[in-house]
Chemist: 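Let me give you the structure first, and then I'll get to my questions.
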Amino acid sequence: MTQKYDNLIGGEWVAGGAYTPNINPSNLADVIGDYTQASAAQLDQAVQAARAAFPAWSTSGIQARADALDKIGSEILARREELGILLAREEGKTKPEGIGEATRAGNIFKFFAGECLRLAGEIVPSVRPGISVEVTREPLGVIGLITPWNFPIAIPAWKIAPALAYGNCVVFKPADLVPGCAWALAEIISRSGIPAGVFNLVMGRGSVIGDPLVNHPGVDGISFTGSQGVGGRIAQQCAANLKKVQLEMGGKNPQVILDDADLAQAVELCVQSAFFSTGQRCTASSRLIVTDGIYTKFVEAVKARMAGLKVGDALQAGIDIGPVSSLSQLEQDLSYVDIGQAEGAVLVAGGQRVTCGTEGFYMAPALLTDTTAGMRINREEVFGPVASIIRVKGYEEALAESNNTPFGLSSGIATTSLKYATHFKRHSQAGMVMVNLPTAGVDYHVPFGGRKGSSYGSREQGRYAQEFFTIVKTAYTLS
Ligand code: NAD
């Protein structure tokens with residue numbers, strides 16, 4: 001008998017209409033648990049519970065909030081190995097990657113515990129004598145949080161922690177592929193001392209409870225991370241309802257490698273950010289833009305490094321790359337390898353489904369050369385272990401090519417030239433720019449987000465998170 005897991009609504013664990021098995025992508029015979037599916041009626045109950053809890057929570061005082069967030073962060077950090085293993089088992093990241101993500105989630109709660117105490121306002125002189133002006137920030141209200149499957153504990157953490165820190169109530173809808181981490185996090189939050197109804201978990205499909213959450217009149221704002229297609233629709237719905245919205249979406253992140261780069265360093269950072277976490281990171285490098293002089297050496301060195309990568313069960317020691325998270329994602333990854341080749345790209349490494357002892361969604365990371373900017377493989381997000389190489393003459397062409405995308409999440413340059421590094425940091429059209437570092441891998445206390453089609457609304461994380469999770473009030477007093 002697998003264990004059953006329920007929704008958290010108004011402080012009670014509530015069964016939904018049906019249970020869905022959570023399957024380990026490394027071993028399809030391994031069922032992590034059965035997770036309930038919330039109905040639209042339960043979604044409504046969760047919003048009502050959050051609304052009812054809001055007046056008291058939003059005025060509860062910052063010490064109570066700081067203490068609760070600190071307690072949540074401490075428990076996550078104390079249980080990071082167990083949570084990291086759960087994450088690896090349900091999402092397919094390797095165990096060290098899973099533990100790293102759980103650690104990040106714990107640190108985020110600790111950071112926002114401190115932020116509860118640091119929310120400052122302003123007193124400014126009035127242009128009218130005898131009047132004082134105060135500018136303060138207040139909680140937004142009830143917030144719907146919608147998250148993707150690829151960071152099943154860190155992304156929920158970086159939305160839930162600031163939402164609670166600034167005095168909001170939450171209805172959290174995780175991706176239906178990864179309810180395990182969401183439930184574990186909700187269980188920790190339920191014992192943190194926050195009142196019933198402040199935080200609610202509703203598990204289920206976007207098509208069933210996503211729309212009702214976004215359109216619910218009791219919800220004041222939506223913070224969404226996921227694909228561009230779903231995000232765009234949510235933005236339209238929020239605009240129609242005059243609701244605040246924040247979207248973090250896909251990427252087609254460029255990594256430029258110049259002739260003067262340290263070759264070994266460039267190869268390592270490209271292989272890491274293109275293929276680690278099975279390429280399933282919004283910040284993964286999927287376009288490697290390489291200048292003429294280093295091109296041949298670089299391609300050969302990447303192929304050699306890829307030959308040494310071990311694909312396998314996410315929980316096995318010594319594995320570099322776990323499985324793709326689902327069958328549909330695996331089919332999408334493989335189809336893009338075919339699409340790239342049909343467009344004229346040359347597959348020089350990997351790109352096939354592989355077997356690894358247990359039945360799982362394993363794929364050998366793929367490297368495509370001879371690609372050009374207009375190819376679909378260079379314009380559309382694959383979201384798997386697939387990287388393409390674009391050959392360019394020099395820095396100017398590399399910069400132009402790196403910006404030649406509808407996305408703008410992160411970008412990177414490998415160079416020993418201060419001149420090119422400085423110019424790239426200023427002129428790269430991305431929200432996050434890396435010099436001699438992978439495009440994936442960021443700190444938890446500074447803003448995260450992109451430009452163009454990758455992001456919409458204010459930034460997440462760090463103190464910039466207050467832009468979304470608070471509203472500004474200007475108060476005038478006649479003295
Ligand atoms: P997705 O858009 O399919 O789903 C994201 C969430 O939206 C899920 O919880 C899903 O159930 C929900 N959803 C689906 N339909 C909905 C609807 N009609 N209304 C409301 N909610 C709905 O994305 P995914 O496949 O889970 O995640 C992969 C995507 O996320 C990639 O595009 C990746 O780049 C992106 N991502 C972006 C960031 C970032 O910070 N920029 C981080 C991680 C992942």
Side-chain angles (χ1 to χ4, degrees), residues 20 35 37-38 40 43 90-93 101 104 144-159 171-179 181-182 201-216 219 222-238 241 243 245-253 277-286 324-333 380-384 405-410 430-432 439-442 444 447-461 465 468:
T20 303
Y35 290 80
Q37 300 278 301
L43 183 272
E90 78 170 347
E91 196 269 352
K93 279 190 182 132
E101 187 182 327
R104 181 187 179 89
L145 306 180
I146 303 177
T147 56
W149 49 261
N150 67 322
F151 280 91
I153 194 159
I155 292 179
W158 80 54
K159 293 183 189 295
V171 177
F172 167 41
K173 194 215 91 59
D176 41 308
L177 195 62
V178 287
C181 287
L201 169 73
V202 284
M203 297 180 285
R205 302 190 75 83
S207 53
V208 178
I209 54 170
D211 278 343
L213 177 58
V214 172
N215 291 312
H216 200 295
V219 172
I222 295 289
S223 178
F224 166 88
T225 300
S227 63
Q228 210 184 41
V230 175
R233 280 197 300 281
I234 288 177
Q236 287 176 6
Q237 291 169 330
C238 288
N241 292 305
K243 202 171 277 190
V245 65
Q246 170 184 60
L247 310 173
E248 283 302 335
M249 299 169 286
K252 195 71 207 170
N253 308 298
S277 297
T278 324
Q280 298 172 155
R281 293 185 284 193
C282 51
T283 48
S285 305
S286 50
V324 176
S325 62
S326 68
L327 180 60
S328 61
Q329 185 63 52
L330 176 65
E331 286 169 351
Q332 176 168 312
D333 298 347
E380 298 169 16
E381 184 183 49
V382 177
F383 215 54
T405 168
F407 295 100
L409 190 55
S410 65
M432 296 171 290
T439 55
V442 293
Y444 64 84
F448 178 97
R451 294 185 184 184
K452 299 199 269 187
S454 290
S455 296
Y456 183 82
S458 51
R459 284 281 185 270
E460 296 200 84
Q461 301 196 56
F468 179 74

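Order of listing sets the numbers, starting from 1, for every ligand and every atom in it. Predicted, not measured: the structure shown is a model, and the values here were computed from it.
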Chemist: Checking a contact table here: which protein heavy atom is nearest atom 13 (N) of ligand 1, and how many Å away?
Modeler: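 Residue, atom and distance for the closest contact: Gly206 CA, 3.6 Å.
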
Chemist: Quick test: of every protein heavy atom, which one is nearest to atom 18 (N) of ligand 1, and how far off is it to 0.1 Å?
Modeler: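 Answer, as residue, atom name and distance: Asp211 OD1, 3.4 Å.
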
Chemist: Taking only heavy atoms of Pro174 into account, list the atoms of ligand 1 that are under 4.0 Å away from them.
Modeler: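 Answer for ligand 1: 9 (O).
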
Chemist: Just by modelled atom types, is the Gln237 backbone N or O under 3.5 Å from a matching donor or acceptor in the Lys243 side chain?
Modeler: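 No: the side chain of Lys243 does not pair with the backbone of Gln237.
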
Chemist: Out of Ala182, Ser227, Gly204, whose heavy atom is nearest to atom 2 (O) of ligand 1?
Modeler: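 Going through Ala182, Ser227, Gly204 one by one, Ser227 has the nearest heavy atom to atom 2 (O) of ligand 1.
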
Chemist: Using modelled atom types only, decide if a donor and an acceptor are shared between the side chain of Glu101 and the backbone of Ala154 within a distance under 3.5 Å.
Modeler: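 Checked: pair present.
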
Chemist: Just by distance, do the side chain of Arg281 and the backbone of Phe383 share a donor-acceptor pair under 3.5 Å?
Modeler: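 The answer is no, because no donor-acceptor pair under 3.5 Å joins these two groups.
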
Chemist: Please report the closest heavy-atom contact between Gly449 and Glu248, naming both atoms and the distance.
Modeler: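 Smallest interatomic distance, heavy atoms only, reads CA-OE2, 3.3 Å.
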
Chemist: Provide, to 0.1 Å, the distance between atom 28 (C) of ligand 1 and the closest protein heavy atom, together with that atom's residue and name.
Modeler: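 In this structure, atom 28 (C) of ligand 1 has Phe383 CE2, 3.5 Å as its nearest protein heavy atom.
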
Chemist: Do you see a protein non-hydrogen atom under 4.0 Å from atom 26 (O) of ligand 1?
Modeler: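 It does; a protein heavy atom is within 4.0 Å.
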
Chemist: For Asp176, counting its heavy atoms only, list the atoms of ligand 1 lying under 4.0 Å from any of them.
Modeler: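 Atoms satisfying the 4.0 Å criterion: 11 (O).
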
Chemist: Which atom names give the shortest non-hydrogen contact between Gln246 and Glu460, and what distance separates them?
Modeler: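 Shortest heavy-atom contact: NE2-CG, 3.5 Å.
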
Chemist: Backbone or side chain, does any N or O of Ser454 fall under 3.5 Å from an N or O of ligand 1?
Modeler: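 Looking only at distances, the answer is no, because the N/O contact criterion of under 3.5 Å is not met.
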
Chemist: I want to know if ligand 1 touches Trp149 in the polar sense, i.e. an N/O pair below 3.5 angstrom.
Modeler: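 Looking only at distances, the answer is yes, because the N/O contact criterion of under 3.5 Å is met.
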
Chemist: Show which atoms of ligand 1 fall inside a sub-4.0 Å distance from at least one heavy-atom site of Cys282.
Modeler: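 Under 4.0 Å from Cys282, ligand 1 has these atoms: 34 (O), 36 (N), 37 (C), 38 (C), 39 (C), 40 (O), 41 (N), 42 (C), 43 (C), 44 (C).
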
Chemist: Within the 4.0 Å heavy-atom shell around Ile146, which atoms of ligand 1 are there?
Modeler: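 Counting from 1, the qualifying ligand atoms are 6 (C), 7 (O), 9 (O), 12 (C), 20 (C), 21 (N).
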
Chemist: Quick one: nearest non-hydrogen protein atom to atom 40 (O) of ligand 1, plus distance?
Modeler: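 So the nearest neighbour among protein heavy atoms is Phe448 CE2, 3.0 Å.
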
Chemist: Would you kindly specify which portion of Leu213 sits under 4.0 Å from ligand 1, judged on non-hydrogen atoms: side chain, backbone, both or neither?
Modeler: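 It is neither part, as no heavy atom is under 4.0 Å.
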
Chemist: Using a strict cut-off of 4.0 Å, indicate which atoms of ligand 1 neighbour a heavy atom of Gly250.
Modeler: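 Within the 4.0 Å cut-off of Gly250, ligand 1 contributes 32 (O), 34 (O).
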
Chemist: Decide whether a cation-pi geometry holds between Lys93 and Phe151; the criteria are a distance under 6.0 Å from NZ or CZ to the six-membered ring centre and an angle within 45° of the ring axis.
Modeler: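 Flagged: Lys93 positioned over aromatic ring of Phe151.
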
Chemist: Using distance alone, decide if ligand 1 has a nitrogen or oxygen within less than 3.5 Å of any nitrogen or oxygen in Thr147.
Modeler: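 Checking ligand 1 against Thr147, an N or O pair does fall under 3.5 Å apart.
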
Chemist: Which residue owns the protein heavy atom closest to atom 43 (C) of ligand 1, what's the atom, and how far is it?
Modeler: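 Minimum-distance protein heavy atom for atom 43 (C) of ligand 1 reads Asn150 OD1, 3.1 Å.
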
Chemist: Do Glu91 and Ser325 have side-chain atoms, one donor and one acceptor, less than 3.5 Å apart?
Modeler: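 Note: Glu91 and Ser325 side chains miss the donor-acceptor criterion.
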
Chemist: Below 4.0 angstrom from a heavy atom of Pro148, which ligand 1 atoms are there? Numbered from 1 as shown, please.
Modeler: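 Ligand 1 atoms under the 4.0 Å threshold to Pro148: 24 (P), 26 (O), 27 (O), 30 (O), 43 (C), 44 (C).
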
Chemist: Relative to atom 5 (C) of ligand 1, which among Asn253, Val230, Leu145, Thr225 owns the nearest non-hydrogen atom?
Modeler: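 Result: the heavy atom closest to atom 5 (C) of ligand 1 is in Thr225.
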
Chemist: Counting N and O atoms only, with roles assigned by atom type, does the side chain of Thr278 sit under 3.5 Å from a partner on the main chain of Gln280, one being a donor and the other an acceptor?
Modeler: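 The answer is no, because no donor-acceptor pair under 3.5 Å joins these two groups.
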
Chemist: Heavy atom of Ile155 under 4.0 Å from ligand 1?
Modeler: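 The answer is yes, since Ile155 has a heavy atom less than 4.0 Å from ligand 1.
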
Chemist: Pairing donors with acceptors under 3.5 angstrom, does anything connect the side chains of Ser223 and Lys159?
Modeler: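 A donor-acceptor contact under 3.5 Å links the two side chains.
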
Chemist: Is there any N or O on Met249 that sits under 3.5 Å from an N or O of ligand 1?
Modeler: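 Between Met249 and ligand 1 (N or O atoms, distance only) the closest approach is under 3.5 Å.
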
Chemist: Which residue owns the protein heavy atom closest to atom 34 (O) of ligand 1, what's the atom, and how far is it?
Modeler: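 Answer, as residue, atom name and distance: Glu381 OE2, 2.6 Å.
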
Chemist: Against heavy atoms of Phe224, which atoms of ligand 1 measure under 4.0 Å?
Modeler: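 In order of number, 2 (O), 5 (C), 6 (C), 7 (O).
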
Chemist: Closest heavy-atom contact between Arg104 and Tyr444?
Modeler: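 Taking Arg104 first and Tyr444 second, the nearest heavy atoms are NH2-CA, 3.9 Å.
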
Chemist: Specify the closest pair of heavy atoms between Ala430 and Arg451, including all atoms of both residues, with the distance to one decimal.
Modeler: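 Nearest pair, atom of Ala430 first, then Arg451: O-NE, 3.7 Å.
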
Chemist: Over all heavy atoms of both residues, which pair between Met432 and Val442 is shortest? Give the atoms and the distance, please.
Modeler: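 Taking every non-hydrogen atom into account, SD-CG1, 4.0 Å.
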
Chemist: Tell me which protein heavy atom sits closest to atom 35 (C) of ligand 1, plus the residue, atom name and distance to 0.1 Å.
Modeler: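 For atom 35 (C) of ligand 1, the nearest protein heavy atom comes out as Gly226 O, 3.2 Å.
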
Chemist: In terms of atom number and element, which parts of ligand 1 are under 4.0 angstrom from non-hydrogen atoms of Lys173?
Modeler: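 Contacts of ligand 1 toward Lys173, numbered from 1: 9 (O), 10 (C), 11 (O), 12 (C).
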
Chemist: Could you verify whether a donor N or O on one side chain and an acceptor N or O on the other, from Asp176 and Gln37, lie under 3.5 Å apart?
Modeler: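 No donor-acceptor contact under 3.5 Å links the two side chains.
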
Chemist: Among all protein heavy atoms in this structure, tell me which lies nearest to atom 20 (C) of ligand 1, with the distance rounded to 0.1 Å.
Modeler: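 The closest one turns out to be Gly210 CA, 3.3 Å.
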
Chemist: Could you report the tightest heavy-atom contact between Thr283 and Leu409, atom names first, then the distance?
Modeler: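 Of all heavy-atom pairs spanning Thr283 and Leu409, the closest is CG2-CD2, 3.9 Å.
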
Chemist: Say whether, by atom type as modelled, one donor and one acceptor occur between the side chain of Thr147 and the main chain of Pro156 under 3.5 angstrom.
Modeler: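 No.
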
